[in-house]
Amino acid sequence: MALVPCQVLRVAILLSYCSILCNYKAIEMPSHQTYGGSWKFLTFIDLVIQAVFFGICVLTDLSSLLTRGSGSQEQERQLKKLISLRDWMLAVVAFPVGVHTTVLPFILIEMRTSHHQYPSRRSGLAAICTFSVGYILWVCWVHHVTGMWVYPFLEHIGQGARIIFFGFTTILMNFLYLLGEVLNNYIWDTQRSMEGEKEKPKLE
């Protein structure tokens, strides 16, 4: 039996993200007062994504506890929708975006403690590409409005280099999506193999 139930871990992780977000917003930085505010930065967007994701995880745990033994088909359908949303968020944004920051350990804990069903590879890659291109367009729009790039190094490279960089980051996000899928499958295939070994009768 786990020393700390996974449900308690999720609540603790959610509270830590809420605390980080509150402290982040409390910091008075000049860049936070300009066009786009904190939403210009992928780090802040990722914090919001992780807080929403673990909020859904906690809500799923609560719904599972309330649904257990109720026999209500409607409640079970709603629970399945929550689980599908949780799994989709982990696959498409929580893992790929979270890998670039220190939130990765929390994601790995979540991946290890609960099985997550990945969407079809085509739809998953399409979703992460949409997110990547959307953020790139947002960065370009901020530059168009303010005349300044969100990330200063973009000021010092040419147009062609920026296009290559943006293309590379989109490819990287696709790679991270695939890495998450492989890692998730490996964790749970290994878990099933271990459980299967335990269930095998021992030969005298």
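Treat the numbers as computed from the prediction; the structure is a model and nothing was measured.
The environment of Phe168 atom CZ is sparse: at most 12 non-hydrogen atoms of other residues, nucleotides or ligands sit within 6.0 angstrom. Around atom CE of Met148, no more than 12 heavy atoms belonging to other residues, nucleotides or ligands sit under 6.0 Å away. Heavy-atom contacts from other residues, nucleotides or ligands closer than 6.0 Å to OH of Tyr151 number more than 12.
The two atoms that bring Lys40 and Tyr135 nearest to each other are O-OH, 2.7 Å, heavy atoms only. A pairwise comparison of heavy atoms in Ala51 and Leu14 identifies O-CD1, 3.3 Å as the closest pair. The two residues Ile128 and Pro96 come nearest to each other via the heavy atoms CD1-CB, 3.9 Å. Across all their heavy atoms, Phe44 and Ser38 have their closest contact at CB-O, 3.4 Å. Listed here is the closest heavy atom pair of Ala127 and Val92: CB-CG1, 3.5 Å. When all heavy atoms are compared, the tightest approach of Ala94 to Gln50 is O-NE2, 3.0 Å.
Aromatic ring centres of Tyr177 and Tyr118 lie closer together than 6.0 Å.
Rounding to the nearest 0.5 angstrom, the gap separating the CG atom in Leu42 from the OG atom in Ser132 is 9.0 Å. Atom-to-atom distance recorded for Ile187:CD1 and Ser114:OG is 11.0 Å, nearest 0.5 angstrom. Asn23 contributes atom CG, which lies 11.5 Å from atom SG of Cys18 (distance to the nearest 0.5 angstrom). How far CZ of Phe131 is from OG1 of Thr170: 11.0 Å, rounded to the nearest 0.5 Å. Here the straight-line distance linking atom CG of Leu90 with atom NE2 of His116 works out to 5.0 Å at 0.5 Å rounding. Between the CE atom in Met89 and the CZ atom in Phe95 there is a gap of 14.5 Å [rounded to 0.5 Å].
One hydrophobic cluster, built from ILVMFWY side chains closer than 4.5 Å, cannot hold both Leu79 and Phe53; they sit in different ones. When the side chains of ILVMFWY residues are joined at heavy-atom separations under 4.5 Å, either directly or via intervening members, Trp149 and Tyr35 end up in a single hydrophobic cluster. A single hydrophobic cluster is seen to contain both Val48 and Ile20, as judged by linkage of ILVMFWY side chains at heavy-atom distances under 4.5 Å, directly or through other members. The same ILVMFWY cluster, assembled from side-chain heavy atoms under 4.5 Å apart, contains both Phe106 and Ile56. Linking ILVMFWY residues whenever their side-chain heavy atoms come closer than 4.5 Å, directly or via other members, leaves Ile107 and Val182 in distinct clusters.
Judged by distance alone, the side chains of Glu181 and Asn185 never bring a donor and an acceptor atom under 3.5 Å apart. No hydrogens or angles considered: a donor-acceptor pair under 3.5 Å links the side chains of Gln159 and Arg162.
Side-chain contact check for Ile171 versus Phe175: every heavy-atom pair is 4.5 Å or farther apart. Two residues are said to be in side-chain contact when any heavy atoms from C-beta on lie closer than 4.5 Å; Arg10 and Thr113 meet this criterion. No side-chain heavy atom of Ile13 sits less than 4.5 Å from a side-chain heavy atom of Val58. The shortest side-chain heavy-atom distance between Thr34 and Thr146 does not fall under the 4.5 Å cut-off. When side chains are defined from C-beta on, Phe166 does not count as touching Val133, because their heavy atoms never get closer than 4.5 Å.
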- Message: One pair to check against side-chain contact (heavy atoms from CB on, under 4.5 Å): Leu178 and Arg121. What are the steps and the verdict?
- Response: CA-CA 8 Å; Leu178 295 173; Arg121 185 168 291 179; 3.6 Å; yes
- Decide side-chain contact (heavy atoms from CB on, under 4.5 Å) for Ser63 and Gln78; before the verdict, give the C-alpha distance in whole Å, the side-chain angles of both, and the deciding distance to 0.1 Å. CA-CA 9 Å; Ser63 297; Gln78 296 302 321; over 6 Å; no
- Working for side-chain contact (heavy atoms from CB on, under 4.5 Å), residues Val97 and Met173: CA-CA 7 Å; Val97 181; Met173 292 295 282; 3.5 Å; yes
- Message: Walk me through whether Arg86 and Ile83 qualify under side-chain contact (heavy atoms from CB on, under 4.5 Å).
- Response: CA-CA 5 Å; Arg86 180 201 67 184; Ile83 292 172; 3.6 Å; yes
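The backbone N or O of Trp39 sits less than 3.5 Å from a side-chain atom of Trp138, completing a donor-acceptor pair. A distance-only check finds no donor-acceptor pair linking the side chain of Ser64 to the backbone of Asp61 [under 3.5 Å].
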